[in-house]
Every structure is written in structure tokens, then in C-alpha cells.
Amino acid sequence: MAASNGFVDGAAIPTSSESALIFLGTGCSSMVPNLMCLLQPSNPSCSVCFQSLSIPPERNPNYRCNTSLLIDYCGDANDRKYILIDVGKTFRETVLRWFVSHRIPRVDSIILTHEHADAVLGLDDIRAVQPFSPTNDIDPTPIYLSQHSMDSIAEKFPYLVRKKRKEGEEVRRVAQIDWNIIDDDCNQPFSASGLKFTPLPVMHGEDYICLGFLFGEKSRVAYISDVSRFPASTEYVISKSGAGQLDLLILDSLYRTGSHNVHLCFPQTLETVKRLCPKQALLIGMTHEFDHHKDNEFLKEWSKREGIPVQLAHDGLRVPINL
């Protein structure tokens with residue numbers, strides 16, 4: 001995980017002993033482009049959103065799907081596992097766009113940060129990345145989630161949770177899932193596909209707990225997609241002045257200016273980066289207020305001044321890393 005600016009954006013296929021992080025989506029819930037910018041354009045028009053009409057998404061870092069990360073994990077036995085964090089509204093689109101180009105053959109396990117639409121509404125499409133069986137006779141994909149998320153998903157997708165068919169009910173092909181409840185507690189780690197994860201409970205608004213995750217033994221990575229405030233116990237686990245410096249912090253940044261009641265925005269995000277002091281950071285969850293190229297130029301200067309490399313991530317970004 002090294003380059004002149006601290007980051008690698010590689011399209012090359014990882015070697016047999018190399019893990020990687022693949023950013024399937026780096027946008028907010030409403031995604032980028034913002035539809036209203038196209039349906040009811042302002043004067044002058046939104047340059048970030050109008051790029052989507054002229055530049056293909058694969059070559060446009062300002063085209064952003066719902067935040068989601070794929071961990072291409074190579075364990076000690078060189079056995080590759082593919083661990084997905086969040087399955088939002090744009091899951092199928094990201095599979096078409098990035099699984100093929102990065103040669104991702106399957107999903108071995110899934111971890112959910114919370115149960116909002118931009119994290120779970122792609123769950124039905126999990127069947128598309130599972131082996132085909134008209135009778136649902138396949139090994140289920142394990143999903144790890146909080147009890148609150150489980151309760152909500154049972155209402156949203158009862159057919160994905162129900163274990164037995166009702167009498168006389170026809171067999172219909174649906175995703176086969178093995179639901180695993182995890183605690184929203186920094187002291188209760190769990191393993192998914194051989195990789196250890198530590199839950200990082202954070203406030204996503206003062207009335208809602210969302211989970212981030214700490215993972216990696218050789219490189220410590222924290223992924224926090226939806227946060228407005230860090231409880232002290234969580235901040236301790238991921239801060240240089242607490243349990244130890246992160247090698248990579250992946251952090252929420254909704255708006256370019258101002259503040260928001262349930263997300264960090266750019267000014268608060270940069271203050272958080274300074275406070276936690278990781279070796280480097282990548283930002284996700286951006287709206288159309290961010291222009292990838294212009295704001296990364298600003299961040300290059302900020303990074304030089306503060307001594308912490310920070311950049312906006314983009315959809316399709318692949319970061320080789322030793323986990």
C-alpha cells in the first residue's frame with residue numbers, strides 16, 4: 001500500500017499472496033449524480049453531475065454508488081476469500097461494473113454496518129452471486145449484523161429470514177443466507193471468512209448506533225461509513241493516542257462544507273483525521289458537492305501541511321494491502 005501520495009489505484013489482478021480493498025461504492029444514499037441536478041438543472045448547471053452524461057462511469061471518479069467495500073482477503077494458506085461490507089441499493093450495478101473487471105468470482109461472507117436502505121436494499125440480489133439452484137439447495141452465505149439490523153431486515157425481507165415454507169407454498173428461488181448476530185461492542189470481535197473484525201459502534205445521529213469495523217493484523221484498517229460522533233470507547237480503539245495508530249482509516253464525509261446531524265462533513269472529517277492520526281485516510285460517502293480532482297488537489301496540500309496523507313476514494317479504487 002505505497003505510492004508517492006501513499007495510495008495505490010491499481011487495476012492489476014492481485015498476486016496469490018496479496019490482499020486488497022476494492023471500493024465498490026463511495027457515494028451517499030442518494031448517490032452521484034444527483035437526479036434532481038439532471039431533471040431540474042440549475043443555472044449554472046452542476047458540473048459534477050453533468051459529467052455523468054458525457055463520461056462513462058468506469059472513467060468518472062465523480063460517479064458514486066452507495067458506500068460498500070469488498071475485502072479480497074488472502075489468508076495464510078493463500079486461500080482467497082471475498083468479504084463484502086454492505087449491500088445497498090446499487091449492489092447489482094457495482095457487481096456488473098467492478099466484479100468483472102477485478103475478477104471477483106463470488107461473495108464468501110457479508111457484514112452489515114446498519115439496516116438503512118443504502119446498506120441493505122441489495123440483499124435480494126445476493127442470489128445472483130450464489131450458485132444456481134431452483135430448489136435453494138445450496139450453502140447459505142453468512143451475514144454478520146447487529147440484532148437491531150436483524151429485526152429490521154426481518155420486516156423488510158421476511159422471505160430471506162423465514163426458515164420453513166408454509167403448507168402448500170411453492171418453492172421460489174431466493175438468496176440463501178445464514179444470519180449471524182454480532183454485538184455492538186468493541187470487546188466482542190468476530191471472524192468472517194477467516195478474517196477477524198472488531199465492531200466499532202458509532203453514533204449515526206444521537207438516536208442511532210451504526211457499526212464500523214476494525215480489521216487486519218499486519219495492517220490495521222478501520223472502515224466507518226456512517227458517523228456523526230465517536231463514543232470515547234470506540235475512539236480509543238482506533239486512535240494513535242489510544243490503542244494504537246491505524247495504517248488506514250476509511251471515513252465518512254458527506255458534504256463539502258457545513259455540518260449535518262447524522263454524518264460527518266468535510267470540516268469535521270478532517271478534524272477527526274487529525275485527532276485519530278492514522279498513517280493515511282481515504283474518504284467515502286460523498287455527495288455531488290465534492291469534485292474528485294479539485295478536492296484531491298486541495299487534500300494534497302492539506303496532507304503536506306498536516307503530515308497525514310488523505311484523499312477522496314472513488315468507485316473501483318483497489319488498494320493492495322497486507323492483512
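Numbering of residues begins at 1 and proceeds along the displayed sequence.
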Does the pair E297/K294 count as a salt bridge with the N-to-O cut at 4.0 Å? no

Tell me who clusters with V32, hydrophobic residues only, linked when side chains sit under 4.5 Å apart either directly or through other members. V48

Could you walk me through whether V202 and I224 pass side-chain contact (heavy atoms from CB on, under 4.5 Å), step by step? CA-CA 8 Å; V202 296; I224 304 167; 4.3 Å; yes

Assess whether a salt bridge exists between D108 and R106, defined as any Lys/Arg side-chain N lying under 4.0 Å from an Asp/Glu carboxylate O. yes

Quick one: is the NZ or CZ of R256 closer than 6.0 Å to the six-membered ring centre of F298, and within 45° of its axis? yes

Is the Lys NZ or Arg CZ of R97 less than 6.0 Å from the centre of Y63's six-membered ring, within 45° of the axis? yes

Salt-bridged, E235 to K240, with N to O below 4.0 Å? no

Expected output: side-chain E306 to main-chain K304 donor-acceptor under 3.5 Å: no

Could you walk me through whether Y255 and H260 pass ring-ring contact (aromatic ring centres under 6.0 Å, His included), step by step? CA-CA 8 Å; Y255 290 130; H260 194 272; 5.7 Å; yes

Let me check something: any side-chain donor-acceptor pairs from residues 147-157 under 3.5 Å, sequence neighbours excluded? List them with distances.
| unit_1 | atom_1 | unit_2 | atom_2 | d |
| --- | --- | --- | --- | --- |
| Q147 | NE2 | D151 | OD1 | 2.8 |
| S149 | OG | S146 | OG | 3.2 |
| S152 | OG | E115 | OE1 | 2.7 |
| S152 | OG | K156 | NZ | 2.4 |
| K156 | NZ | E115 | O | 3.2 |
| K156 | NZ | E115 | OE1 | 3.1 |

List the atom pairs, with distances to 0.1 Å, where a side-chain N or O of residues 84-92 and a protein N or O form a donor-acceptor pair under 3.5 Å, not counting sequence neighbours.
| unit_1 | atom_1 | unit_2 | atom_2 | d |
| --- | --- | --- | --- | --- |
| D86 | OD1 | T113 | N | 2.9 |
| D86 | OD1 | T113 | OG1 | 3.2 |
| D86 | OD2 | T113 | OG1 | 2.7 |
| K89 | NZ | S29 | O | 2.9 |
| K89 | NZ | S29 | OG | 3.3 |
| T90 | OG1 | N66 | N | 3.0 |

Checking Q280, K218, K279 against D247 for side chain to side chain donor-acceptor pair (under 3.5 Å), the one that qualifies is K279

Measure across F290 and D295 and return the closest heavy-atom pair with its distance rounded to 0.1 Å. CA-OD2, 3.3 Å

